[in-house]
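In what follows, chains carry the letters A, B, and so on, assigned in the order in which the sequence lines appear, proteins first and then strands, with residues in each chain numbered from 1. Atom set for the values below is all heavy atoms of this structure, side chains included, hydrogens, waters and symmetry mates excluded. Note that the coordinates shown come from a computational prediction; the quantities given were computed from them, not determined experimentally.
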Number of protein chains: 2
Amino acid sequence: MTTAVTGREAPRRRLSAGLRPTAKVLPEHARAHNRSLVLQHLFHEGPTSRADLARATSLTRVTISDLVAVLMAEGLVEELGVRPGQRVGKPAMLVGMRTSAYQVVAVDLTDDEVVRGAVMTLTGDLVLRRDLPVDGRTGTELVDLLTRFCRGLVAAASQPVIGVGIGSPGVVDSAGRVVEAPNRRWYDVPLAETLTDRLGLAVHVANDANTAALGEFTFGGASGSGLLVLTVGEGVGAGIMVDGARVRGHGDAAGELGHVTVVDHGDPCACGRRGCLETVLSVPALRRAVDGLDTEAADAALASVGRTLGVALAPVVSALNLAEVLISGPADLLDGPLREAALETVRERTMPVIGSGLQVRMATLDEDVVLAGAAVLVLSGQLGVS
Amino acid sequence: MTTAVTGREAPRRRLSAGLRPTAKVLPEHARAHNRSLVLQHLFHEGPTSRADLARATSLTRVTISDLVAVLMAEGLVEELGVRPGQRVGKPAMLVGMRTSAYQVVAVDLTDDEVVRGAVMTLTGDLVLRRDLPVDGRTGTELVDLLTRFCRGLVAAASQPVIGVGIGSPGVVDSAGRVVEAPNRRWYDVPLAETLTDRLGLAVHVANDANTAALGEFTFGGASGSGLLVLTVGEGVGAGIMVDGARVRGHGDAAGELGHVTVVDHGDPCACGRRGCLETVLSVPALRRAVDGLDTEAADAALASVGRTLGVALAPVVSALNLAEVLISGPADLLDGPLREAALETVRERTMPVIGSGLQVRMATLDEDVVLAGAAVLVLSGQLGVS
DNA sequence: TTTGTTAGTGAACTGCCTTTACTAAGTCGG
DNA sequence: CCGACTTAGTAAAGGCAGTTCACTAACAAA
């Protein structure tokens, strides 16, 4: 049964077309990583003693002391007094993030007509919120408007701002360049770079649905090992996190679920095709569908949309073995028969291993998801925390 | 338009349920990373001078010289004489991987009745191939059989073996534990650990479809930024790579596309439900579907299955913004009307941004995909090369 | 032959984490 | 009440990994 192989042309290395973007790692990068580890722990677990930090990160107490000293010098961390409670040994001094010492600016560009912004603390708590009508501005004008808006928010912050996070519709690459956002007339706009220059602050830009997923992951307690956030508004978008990382996709366009055909020979869609998910699941479409119906009929109509959604989600849930699907949008339309029918349909159409563990629930952060996610963009980019 | 927010309960940190598995990084890990960087370059680009390695990795020539010295001492790398051709300056000494100095053992457990194995060089070239009938063995007996089989392959290798890679059906976690593989009667079997102990060699185990994806990515020249490999045999499986990484999923069950419902009220499936993709796309199902038909009718039947596949793929392709879908299996059934109909259907049902760049082609490595991928498991696990 | 260019190495230095050894400050048990 | 134990935190020295700087080696071109 053994075959000696001679002369057979075996799989030959062929240069893989894509990028293999591995970069060198220096000791100082290790340092940055470990520093983030400490901040990450303090962020999620709250005040902790140096010794406990050492145990949690498996670094030594010496190293932790050193890192904490640096973080304290930067004003990011402070001592909070000894840990209460009686135990043996020297009492532990708690250290915690100075969450109120710095702030972040978050901006949500999802809405066509209003730019929504906020100043937030490092824990994602809102300090102030500000909206600005777009008045039809697009392209360069909109960038200028956005610049002024951000300047205003930075000025309004009561503490030093460590960065600006922006959730934008459209395709956004990893450098924060908006590859295309038709409604804004943005094509290849280096938004992050431009604003970073103009504001003199770190600016992070990502797709709005992706940003929402990040927000739910960090603040909504969602499972990062397999999470899809479906944003339902004027349109339908999705952001996906798998194995703890945002899914970007080949052309940074991952999450474009709104324009998948779900109804054969369905209604025409703004994109020029027919029967897209958006034609049945967007808020306007749903309002139209239930308009004038009594409760029972409306519920049936919503359940029908839910089943359609379930059919489209089933292959995705199955392929990615998702743990959770979160729906973000008006609860009166989404959080009832629609959501339940979607879950049921996905369960029916997938293996028990896949479907039984799945949750389909409403996003917990509601209208602030994108703002929260935008804040996480900054926390993650500047502090390595998420 | 500014709102001061007081007392509003803002998004509050909630411990994210999942794992946040970030581990500390030490300088020596940086070293290991940079070492892999060198091997990676030599693996993909072939013999290279130290100076060019320095430029490619952006490490200094000093560091590269040091790393190369270590790798040479380990016998992984060798000097290959000066680079031919006239140029100014001191002639460069080429160094290359000693690809024939070590070998790897690869095993493919996809088939229910035959264990397929091979000894391969570090570049994935086949040295010898060996098959062994399973004779109905399952559970512990199968593990024992597999142990003997691997021992035999290791003994048959003509060079020292750096590790064993195994592609297994079923759900396999990141530690190489087979969570469940019903046909093998394996439930929670720590396959990698057991074999590592018994063989005294590094053993890496992963799901077979995932392994196939890895093989295509490394040896097939597929785009790692968005790749789905569909393996069509007795059953249907899928392996996905996004943003350069394998997708594992919440319960390590990513890629379970075979049991997504694609035909309402369809034929009963072995899994107990109806209309699963496997009921129309598996090799037996396809053979049945075209049996006795003339060419034209057979083509029509295959195209119909292709359209069904396209409908199921469209949401996945769209959600992940995939660049390529590779189909692995019998070309006479798959590489014709079926494949073309699938591509066309996905294009019809997704946005141009998503569909126009998509390729749907046959896997280039054919029946050896899983073996090649198993080799990559070892290369990647032991040398950091993929 | 001289000049300039490129490849490779040796020495000194810096950054980062570790081990080891110490001090500080409490509880516990006789 | 006091020594034994336990835990928190720091100081000093050592090892490892990368860098810069300075050098030698080996060629082409002028």
What is the distance, rounded to the nearest whole Å, between atom NE2 of B:H33 and atom C1' of D:dC16? 17 Å
With respect to the side chain of B:P91, which nucleotide from C:dT27, D:dG18, D:dC27 is positioned closest? D:dC27
Counting heavy atoms from C-beta on, name the nucleotide in C:dC16, D:dA8, C:dT20 closest to the side chain of A:D52. D:dA8
Compare the minimum distances between each of C:dT27, D:dG9, D:dT19 and the side chain of A:A92, then state the nucleotide with the smallest one. D:dG9
It should be established whether A:R55 places a side-chain nitrogen or oxygen under 4.0 Å from OP1 or OP2 of nucleotide D:dT7. no
Checking C:dT27, C:dC16, D:dG18 against the side chain of A:E28 (C-beta onward), the nearest is C:dC16
Gap between atoms CD1 and P, on A:I64 and D:dG9 respectively (whole Å): 11 Å
Presence of salt bridge, A:D173 and A:R248, under 4.0 angstrom: no
Here the pair of heavy atoms bringing B:L371 nearest to B:M120 is O-SD, 3.8 Å
Just compare D:dT7, D:dA12, D:dA8 and give me whichever is closest to any side-chain atom of A:V62. D:dA12
As a test of reading the structure: which of C:dG26, C:dA24, D:dT20 is closest to the side chain of A:Q86, going by heavy atoms? C:dG26
With heavy atoms under 4.0 Å as the rule, sort B:R35 into base, sugar-phosphate or nothing. nothing
What I want to find out is whether B:D66 reaches B:R35 closely enough, with some N-O distance under 4.0 Å, to be called a salt bridge. no
Could you state the atom-to-atom distance from CZ of B:R83 to C1' of C:dT6 in whole Å? 9 Å
What is the distance, to the nearest angstrom, from the CE atom on A:M93 to the C1' atom on D:dA8? 10 Å
Is any side-chain nitrogen or oxygen of B:T60 closer than 4.0 Å to OP1 or OP2 of D:dG18? no
Has A:T63 got a side-chain N or O lying under 4.0 Å from the OP1 or OP2 atom of C:dT18? yes
A:R177: what forms a salt bridge (Lys or Arg N to Asp or Glu O under 4.0 Å) with it, not counting sequence neighbours? A:D188
Length of the CZ-P vector between A:R61 and D:dT6, whole Å: 14 Å
Looking only at N and O atoms, is any donor in the side chain of A:R31 or the base of C:dG15 less than 3.5 Å from an acceptor on the other one? no
Using atom CG of A:L67 as one end and atom P of C:dC16 as the other, report the distance to the nearest whole Å. 9 Å
C:dG8 base / B:R50 side chain donor-acceptor hit below 3.5 Å: no
A:R87 atom CZ, neighbour heavy-atom count above 12 within 6.0 Å: no
From C-beta outward on B:L59, which listed nucleotide comes closest to its side chain: C:dA11, D:dG18, C:dC17? D:dG18
For B:Q103 and B:A157, which heavy atoms make the closest approach, and how far apart are they? OE1-CB, 3.2 Å
Atom CG of B:D66 and atom C1' of D:dG18 are separated, to the nearest Å, by 10 Å
What is the distance, rounded to the nearest whole Å, between atom CG of B:L53 and atom P of D:dG18? 14 Å
Considering heavy-atom distances to DNA chain C, does A:K90 or A:N34 have its closest nucleotide positioned more toward the 5' end? A:N34
Look at A:S65 and D:dT10 and indicate whether a side-chain polar atom (N or O) is within less than 4.0 Å of OP1 or OP2. yes
